[in-house]
Structures are given as C-alpha cells and as structure tokens.
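A quick write-up on the structure given underneath.
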Amino acid sequence: MTSIWLGKLLLLTGSSALGFLRGQELKNRAACLADFRRALGVLSRELTFSLRPLPELAAGVQGDGPAGVFFGLCRREFQTSGGESWTESWQKALKESPLPLKEEDLQILREAGEVLGRYDGDSQRKAMEGLLDRLEENLAEARAEAKRMVRVYGTLGIAAGLFACILL
C-alpha cells in the first residue's frame with residue numbers, strides 16, 4: 001500500500017517538474033537573448049569608436065553568460081583556423097554552441113556574424129543597429145511569452161500529475 005502512495009507521489013512530482021522545466025526553458029531563452037543583446041551592443045559601440053581588429057574587440061566581451069561563452073568559442077575557432085575568416089569562425093561557433101534560442105533568434109545571430117568585420121565602421125554600425133533592434137523585438141516577445149506561459153506550464157504539469165494519480 002505504501003508503494004502505491006510513493007508511486008503516486010513520484011508521478012505527481014515528476015510531471016510537476018516537467019511543467020516547471022518547460023517554463024524555465026522560456027526564461028532561459030529570454031536571458032540568452034538579453035545577454036547577446038548586451039554583448040552585441042557593446043561590440044557595436046566598440047566598432048564605432050575603435051580601429052582595433054575584430055578578434056581583439058571580441059575579447060572584451062566576457063562573462064559567464066551564453067554570449068561570453070559563445071565569444072570565447074568564436075575566438076578559439078578564429079585562432080585555430082589561423083585567423084583566416086571571422087565570419088566562418090562565427091558560424092562554426094554558432095553551430096557548436098548549445099544556445100536555448102529559436103530559429104529566428106539564431107538567424108539574427110547568423111546575420112550579425114556576416115556583418116561583423118566585413119564592412120567599414122559606419123556600415124557595420126548601421127547594420128548592427130538594425131540587427132540589435134530585431135534582437136530587442138525578439139527579446140520583448142520572449143519575455144512576454146515567459147511571463148505568460150511559465151505559470152501555464154507549471155499548472156499543466158501539476159494537473160497532469162494529479163490526473164494520473166487519480167487514474168491509478
């Protein structure tokens with residue numbers, strides 16, 4: 001008899017955890033977008049006011065967040081390739097990084113990799129401003145979705161667990 005109650009408790013806990021984990025994924029996307037928005041904003045400002053090469057500027061983007069880890073991977077890829085193409089290093093790092101982003105978010109980051117280091121300072125700045133605006137829109141949408149759906153997923157997880165417990 002005790003094992004039945006223990007099984008029901010584990011079932012309820014597991015399904016509740018699944019609901020809350022899905023909600024956490026939405027929060028992770030918003031946090032990742034915010035981190036990239038900040039990092040690319042810093043990089044864009046640096047490109048405007050500095051004539052240093054892009055890999056040196058990217059070294060200034062640090063941190064424990066997804067953007068800091070990504071830029072570290074991108075710099076390593078650039079150095080391992082012999083410093084041939086920043087764009088190729090960017091694209092390869094983007095493929096290898098386990099970022100919690102949707103495809104449209106990744107597309108913006110791919111476009112950022114195409115822009116960086118390819119044009120003169122003014123053209124890069126203008127292109128980056130457009131990309132940063134699009135990233136900001138995606139960030140606002142991700143925050144709104146997370147705010148709205150975290151409770152929904154948590155409630156659905158608990159409800160599914162209770163339903164399964166009742167059936168057993």
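Since this is a predicted model, take the numbers as computed values, not measurements. Scope of the values below: all heavy atoms of this structure, side chains included, with no hydrogens, waters or symmetry mates. Heads up: numbering here begins at 1 and tracks the sequence.
- Using modelled atom types and a 3.5 Å distance limit, the side chains of Arg110 and Gln107 yield a donor-acceptor pair.
- For the pair Arg22 and Leu26, the minimum side-chain heavy-atom distance is below 4.5 Å.
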### Task
Verify side-chain contact (heavy atoms from CB on, under 4.5 Å) between Leu109 and Leu101, making sure each step is shown before the conclusion.
CA-CA 10 Å; Leu109 294 179; Leu101 300 174; 3.7 Å; yes
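- Applying the 6.0 Å contact sphere to NZ of Lys8 captures more than 12 heavy atoms from other residues, nucleotides or ligands.
- The distance from atom CZ of Arg37 to atom CG of Asn138, rounded to the nearest 0.5 Å, is 11.5 Å.
- Between Gly23 and Val150, the shortest heavy-atom contact is O-CG2, 3.5 Å.
- Arg38 and Asp35 are joined by a salt bridge, as a carboxylate oxygen and a charged side-chain nitrogen come within less than 4.0 angstrom of each other.
- Both Leu106 and Ile108 sit in one connected hydrophobic cluster of ILVMFWY residues. Membership requires side-chain heavy atoms under 4.5 Å apart, directly or through other members.
- For the pair Asp105 and Phe36, the minimum side-chain heavy-atom distance is 4.5 Å or more.
- Nearest heavy atom pair, residue Ala112 against residue Trp90, reads CB-CZ2, 4.0 Å.
- The hydrophobic cluster containing Leu156 also contains Met149, counting ILVMFWY residues as joined when their side-chain heavy atoms lie under 4.5 angstrom apart, directly or transitively.
- Between the side chain of Ser15 and the backbone N or O of Gly157 there is at least one donor-acceptor pair closer than 3.5 Å.
- The two residues Leu12 and Ile158 make their nearest non-hydrogen contact at CD1-O, 3.7 Å.
- Side-chain contact between Asn28 and Gln24 is present, with at least one heavy-atom pair separated by less than 4.5 Å.
- Summarising the geometry of Leu139 relative to Ala34, their closest heavy-atom pair is CD1-N, 3.7 Å, with the distance given to 0.1 Å.
- For the atom pair Leu162 CG and Leu11 CG, the distance stands at 9.5 Å (nearest 0.5 Å).
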### Steps toward side-chain contact (heavy atoms from CB on, under 4.5 Å) verdict (Leu135, Leu131)
CA-CA 6 Å; Leu135 206 56; Leu131 291 170; over 6 Å; no
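- Side-chain atoms of Gln91 and Glu77, non-hydrogen and from C-beta on, never get closer than 4.5 Å to each other.
- For the residue pair Ala142 and Leu33, the shortest heavy atom distance occurs at CB-CD1, 3.9 Å.
- The line from CD of Glu111 to CE of Met128 is 11.0 Å long, rounded to the nearest 0.5 Å.
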### Message
Between Lys102 and Glu145, is the salt bridge (charged side-chain N to carboxylate O under 4.0 Å, His left out) condition met? List the steps.
### Response
CA-CA 13 Å; Lys102 290 185 175 179; Glu145 182 182 19; 3.6 Å; yes
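- In plain terms, the two heavy atoms of Val115 and Ala127 that are nearest each other are CG1-CB, 3.6 Å.
- In this structure, CH2 in Trp5 is found 13.5 Å from CG in Leu10, a value given to the nearest 0.5 Å.
- In the displayed structure, Glu88 atom CD is contacted under 6.0 Å by at most 12 heavy atoms of other residues, nucleotides or ligands.
- The CD atom of Glu25 sits 14.0 Å away from atom CZ of Phe20, with the distance rounded to the nearest 0.5 Å.
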#### Entry: Worked verdict on Phe71 versus Leu40 for side-chain contact (heavy atoms from CB on, under 4.5 Å)
CA-CA 10 Å; Phe71 276 96; Leu40 289 174; 3.9 Å; yes
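- Rounded to the nearest 0.5 angstrom, Leu73 CG and Ser89 OG are separated by 9.5 Å.
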